[in-house]
Each structure stands twice: as structure tokens, then as C-alpha cells.
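Throughout, protein chains are lettered first and strands after them, A, B, ... in sequence-line order, and every chain is numbered starting at 1. Predicted model only: the values in this text are computed from it and were never measured. All values below were derived from every heavy atom in this structure, side-chain atoms included, with hydrogens, water molecules and symmetry-related copies excluded.
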2 protein chains.
Amino acid sequence: MFELDIRSRKPIYEQLVEKLKELIITEVLKTDEQLPSVRLLAQQLTINPNTIQKAYRELEVQGYIYSIKGKGSFVSPASDGFNTEKLLKVKKDIMKLVSEAMYLGVTADELITMIKEINLAIGGGIENDQN
Amino acid sequence: MFELDIRSRKPIYEQLVEKLKELIITEVLKTDEQLPSVRLLAQQLTINPNTIQKAYRELEVQGYIYSIKGKGSFVSPASDGFNTEKLLKVKKDIMKLVSEAMYLGVTADELITMIKEINLAIGGGIENDQN
DNA sequence: TAACTGTACTAGGTATGATAGTACACTATG
DNA sequence: CATAGTGTACTATCATACCTAGTACAGTTA
């Protein structure tokens with residue numbers, strides 16, 4: 001399903017958070033789809049279930065999944081649980097990275113092209129693209 | 001000069017790297033301008049000089065500064081030392097964050113507006129903006 | 001020569017991450 | 001009701017990374 005970089009300085013649970021978030025955002029995992037159970041995924045990845053649980057917890061706090069005792073963990077609908085605070089943080093991070101990219105020589109046009117390509121890849125250009 | 005968040009999970013030297021990088025990118029620190037010495041900054045921030053040195057080392061590895069034994073550390077010219085690998089990494093990070101922003105409901109137009117604003121703030125729109 | 005600069009090393013303490021183990025609460029099924 | 005699944009939470013232990021204090025070497029400048 002995914003591979004963890006044991007040698008990375010990034011904690012294992014954070015790598016998990018990022019991987020699962022990516023699968024949700026690219027809709028490989030769809031709304032209300034069940035995630036593998038904590039114990040199953042732990043077994044598959046040969047890591048401790050508490051480490052999985054820590055990642056699932058973080059995803060739930062960020063609003064990407066929801067969990068039901070006895071049933072499992074599921075992908076949240078995209079409109080749920082995302083607060084303005086998180087949105088502001090993502091925007092702030094984008095601004096920082098965009099500034100760094102421009103400092104490194106990337107042009108605004110190049111970045112705009114990137115955004116359009118991502119937009120097409122994700123939304124099909126139906127709702128957002130009015131240019 | 002800047003403030004460190006001692007309570008943050010992020011290591012102090014990493015916060016330093018980010019702050020200094022930001023000052024360089026926004027040209028608060030200009031090319032060939034000397035950075036405070038390792039010992040002076042350590043004294044000002046009440047942290048260990050080795051911690052400063054670690055941050056400076058990382059900035060040098062990434063190509064943002066250069067150091068001369070006995071003289072000091074200085075801001076590198078923007079065209080120096082940035083390899084393609086770092087550029088690719090920044091672009092990849094931007095793609096990831098943009099995808100997440102769109103998943104959270106930010107439109108492509110909104111993101112494009114952000115990029116144009118940053119472009120104006122940084123370059124004055126002289127070299128890059130041909131729209 | 002003195003005072004600055006960067007750089008590198010050792011040793012010790014602390015915090016974080018991951019693990020192993022255990023246990024509780026809930027759901028679904030037969 | 002028992003069983004097998006699910007999530008959740010806790011304790012204890014170990015390894016690693018970070019930061020510190022201290023020390024020392026090499027270079028530059030006045």
C-alpha cells in the first residue's frame with residue numbers, strides 16, 4: 001500500500017499521516033471508504049498498532065477521517081471538519097514555498113501553469129476553471 | 001532579530017534555518033551581507049553556539065550562505081549553489097500543498113491570485129510578469 | 001599579540017518516538 | 001451469550017535526536 005522510510009528523520013507516524021492524506025486528497029481513498037484497521041495495518045507494515053493509532057488520531061484531528069469504536073475508521077466527506085485555522089496554515093505554507101521557489105528562479109508563469117495542471121488533474125476543470 | 005519558540009516540537013536549529021532563509025528570500029539580508037557571528041547570535045538568543053553553527057551549516061549546504069574561517073558567514077548570491085535537486089523538491093512540496101489547498105476548497109483562481117501578489121511583492125513585476 | 005571569526009569534538013541530560021504489553025468499550029455475527 | 005472483529009488508552013522501556021557545556025584548533029584582522 002505504501003512504503004515507510006525507516007531511515008528518515010521524519011517520524012513513522014508522520015509519514016503515515018502524509019501518505020494517507022495524499023491518498024484521500026487524490027481520491028484513491030474515497031469518502032466513507034473504510035481504512036485498514038489499526039491492527040491489520042500494523043501487521044502489514046510491521047510496526048506497532050499504537051503508531052498507527054497515533055497517525056489515525058492526527059488525521060481525525062485534522063478532519064480527514066472519522067472513527068467509530070467497534071466499526072473502524074473512514075474517510076470524511078471533504079466538506080467536513082476543516083476549520084479556517086488549517087486553511088490559513090496551508091495558505092501560509094504555500095506562500096512561503098512560492099517565495100522560496102521564486103527566489104530559486106522559478107517564474108510566476110511557471111507556478112501558475114503548475115496550478116492549472118493540478119487543477120485539471122483533480123477537478124477536471126469544471127467548477128473552478130473560468131479563465 | 002527573531003524569536004524562537006522553545007516550546008515548539010521543531011528543533012531550535014531548524015527554526016533558525018527557516019527564519020534566516022526567510023530573511024534572505026525577502027532580501028532583508030542581501031547578497032554578501034555578513035550574518036551575525038556564531039558566538040554573538042548564540043549570546044543574543046541565549047542558546048549554544050553549536051546550535052547556531054548547526055543552522056549555519058545547514059544553510060550553507062542548501063546554498064543560501066557561504067562561510068570563511070576567520071572572517072564570518074555571508075549571504076550567497078541567489079544564482080549560486082542551488083542545485084536542480086533542491087528546486088525539484090520545492091516544486092514537489094508546492095504541488096502537494098496546492099493539492100491539499102484545493103481539496104480544502106481553495107480555487108485555482110485564488111491560488112493564482114496569491115502567486116501574482118507574491119510576485120509583485122518580490123520582483124516588482126518587472127522581469128517575470130508578462131501577463 | 002589579541003580579539004575576533006568558523007569549525008569540530010567529547011560527554012551528559014532531556015525529550016520524543018517507537019515498541020511491547022495489557023485492558024477496556026463497542027459492533028456484528030452465529 | 002460467545003466470539004472475533006473494531007477503536008482507544010494506558011504503563012514501562014529503549015533508542016535516537018537535540019541541546020548544552022566545555023574545550024581546542026585554524027584562520028583573519030588590526
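- Regarding Leu16(A), its CG atom lies at a distance of 10 Å from the P atom of dT19(C), rounded to whole Å.
- Here dG7(D) is the nucleotide among dT7(C), dC19(D), dG7(D) with the atom lying nearest to any side-chain atom of Val38(A).
- Summarising the geometry, the separation between CD1 on Ile12(B) and P on dA21(D) is reported as 11 Å, rounded to the nearest angstrom.
- Proximity note for Arg57(B) (side chain, C-beta onward) versus dA8(C), dA18(C), dG7(D): the nearest is dA8(C).
- Taking side-chain N and O atoms only, Asn48(B) has no distance below 4.0 Å to OP1 or OP2 of dC19(D).
- For the OP1/OP2 pair of dT8(D) and a distance below 4.0 Å, the side-chain nitrogens and oxygens of Ser67(A) include at least one atom meeting the criterion.
- Residue Ser73(B) places none of its side-chain N or O atoms closer than 4.0 Å to OP1 or OP2 of dT5(C).
- Between the side chain of Glu33(A) and the main chain of Lys30(A), a donor-acceptor pair closer than 3.5 Å is present.
- Ile68(B) has its CD1 atom 10 Å from the P atom of dT7(C), to the nearest Å.
- With rounding to whole Å, Lys10(B) atom NZ is found 17 Å from dA15(C) atom C1'.
- Counting heavy atoms of neighbouring residues, nucleotides and ligands inside a 6.0 Å radius, atom CD of Gln34(B) exceeds 12 of them.
- For Lys71(B), whose side chain is taken as the heavy atoms from C-beta onward, the closest listed nucleotide among dG6(C), dT29(D), dA28(C) is dT29(D).
- In this model, no side-chain donor or acceptor of Asn50(A) finds a partner on the base of dG17(C) within 3.5 Å.
- Whole-Å rounding puts the Gln43(A) CD to dT19(C) P distance at 14 Å.
- Minimum atom distance to the side chain of Pro11(B) is reached by dC18(D), of the listed dT5(C), dG7(D), dC18(D).
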Going through the checks in order, is the side chain to side chain contact (heavy atoms under 4.5 Å, CB included) test met by Val38(A) and Tyr56(A)? CA-CA 8 Å; Val38(A) 164; Tyr56(A) 277 23; 4.0 Å; yes
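- Side-chain N/O atoms of Gln53(B) include none lying less than 4.0 angstrom from OP1 or OP2 on dG6(C).
- Between Gln34(A) and Arg9(A), the one whose closest nucleotide on DNA chain D sits nearer the 5' end is Gln34(A).
- At least one side-chain heavy atom of Lys96(B) sits under 4.5 Å from a side-chain heavy atom of Glu18(A).
- Taking every heavy atom of both residues into account, Tyr13(B) and Ala55(B) meet most closely at O-CB, 3.6 Å.
- Spacing between atom CG of Leu41(A) and atom C1' of dG5(D) amounts to 16 Å, rounded to whole angstrom units.
- A close approach under 4.0 Å does not occur between any side-chain nitrogen or oxygen of Thr51(A) and OP1 or OP2 of dA18(C).
- In this entry the distance linking CD1 of Ile47(B) with P of dA21(D) reads 10 Å, nearest Å.
- Residue-level contact check: Arg39(B) touches the bases, meaning some heavy atom is under 4.0 Å from a base atom.
- Atom OH in Tyr13(A) sits roughly 17 Å away from atom C1' in dA9(D) (whole-Å rounding).
- Between the Thr113(B) side chain and the Asp109(B) main chain, a donor and an acceptor come within less than 3.5 Å of each other.
- Projected onto DNA chain C by closest heavy-atom contact, Gly70(A) and Glu14(A) fall at different nucleotides, the more 5' of which corresponds to Glu14(A).
- When each of dG27(D), dG17(C), dC26(C) is scored by its nearest atom to the side-chain atoms of Lys69(B), the top-ranked nucleotide is dG27(D).
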